[in-house]
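This chain uses plain numbering: 1 for the first residue, then up along the sequence. No hydrogens, no waters, no symmetry mates; every other heavy atom, side chains included, goes into these values.
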Amino acid sequence: MDPSVMTAVLAALALVCRAAVLELRTPGAGRRAWAFATDRRALGTGLGVAAVLGAVGWATIGGGAVVVWAGLAGVLVASLTAERGRAGRDRGEPG
């Protein structure tokens, strides 16, 4: 197995463990951390980023590690672009 694949898997594992610790400390925090998984716009953006990075990486260096890293980047982009809560935006607060 390519060492860079293992690094990406460990990074994903760290994100999952972080959500589990958040959930243990504050019930509901883990669900809020992964709420982007139900946001269509965030998933579409993440999928688009993963596809572009995967295609560019595959064309330039090839290999399976590119797909894993592109998938991880897509998940991170999706989590960053998710809507964080409508109540705050309804009051005029940045979301």
Side-chain angles (χ1 to χ4, degrees):
M1 179 182 284
D2 189 8
S4 67
V5 172
M6 195 57 153
T7 305
V9 169
L10 289 175
L13 179 64
L15 291 173
V16 171
C17 288
R18 179 180 176 269
V21 169
L22 284 173
E23 185 67 31
L24 287 173
R25 288 183 181 169
T26 309
R31 280 188 299 273
R32 285 189 299 273
W34 289 96
F36 70 89
T38 60
D39 185 355
R40 280 190 196 181
R41 187 184 64 139
L43 289 178
T45 304
L47 183 62
V49 167
V52 168
L53 287 176
V56 169
W58 192 275
T60 56
I61 61 172
V66 171
V67 175
V68 175
W69 279 104
L72 182 60
V75 168
L76 292 175
V77 167
S79 70
L80 290 174
T81 58
E83 295 185 28
R84 294 293 182 203
R86 296 174 189 265
R89 283 196 309 280
D90 291 342
R91 291 190 306 256
E93 298 173 5

note = Interatomic distance, CG@Leu72 vs OG1@Thr7, rounded to 0.5 Å, equals 10.5 Å

query = At their closest point, which heavy atom of Ala50 faces which heavy atom of Gly74, and how far apart are they?
reply = CB-CA, 4.1 Å

task = Start with the C-alpha distance between Leu76 and Val49, add both sets of side-chain angles, then the distance that settles side chain to side chain contact (heavy atoms under 4.5 Å, CB included), and finish with yes or no.
result = CA-CA 10 Å; Leu76 292 175; Val49 167; over 6 Å; no

ask   = Going by heavy atoms in the side chains, are Met6 and Val68 under 4.5 Å from each other?
value = no

ask   = According to a 4.5 Å side-chain heavy-atom criterion applied to Ile, Leu, Val, Met, Phe, Trp and Tyr, with indirect links allowed, do Trp34 and Val21 form part of one hydrophobic cluster?
value = no

inquiry  = Can a donor-acceptor pair be found, under 3.5 Å and without considering hydrogens, that links the side chain of Arg41 to the backbone of Ala78?
reply    = no

inquiry  = Could you see if Leu47 belongs to whatever hydrophobic cluster contains Trp69? Use Ile, Leu, Val, Met, Phe, Trp, Tyr and a side-chain cutoff under 4.5 Å.
reply    = no

task = Provide the closest heavy-atom pair for Ala42 versus Ala82 in the form atom of the first, atom of the second, distance.
result = CB-CA, 3.7 Å

task = To the nearest 0.5 angstrom, please state how far the CG atom of Asp39 sits from the OG atom of Ser79.
result = 11.0 Å

Separation between CG of Leu22 and CZ of Arg31, rounded to the nearest 0.5 Å = 12.0 Å

task = Calculate, to the nearest 0.5 Å, the distance between atoms CZ and CD belonging to Arg18 and Glu23 respectively.
result = 12.5 Å

remark   = Rounding to 0.5 Å, atoms OG1 (Thr45) and CG (Leu80) come to a distance of 11.0 Å

query = Can you get from Leu53 to Val77 by hopping between Ile, Leu, Val, Met, Phe, Trp and Tyr side chains that sit under 4.5 Å apart?
reply = yes

ask   = Is the closest side-chain heavy-atom distance between Val75 and Phe36 below 4.5 Å?
value = yes

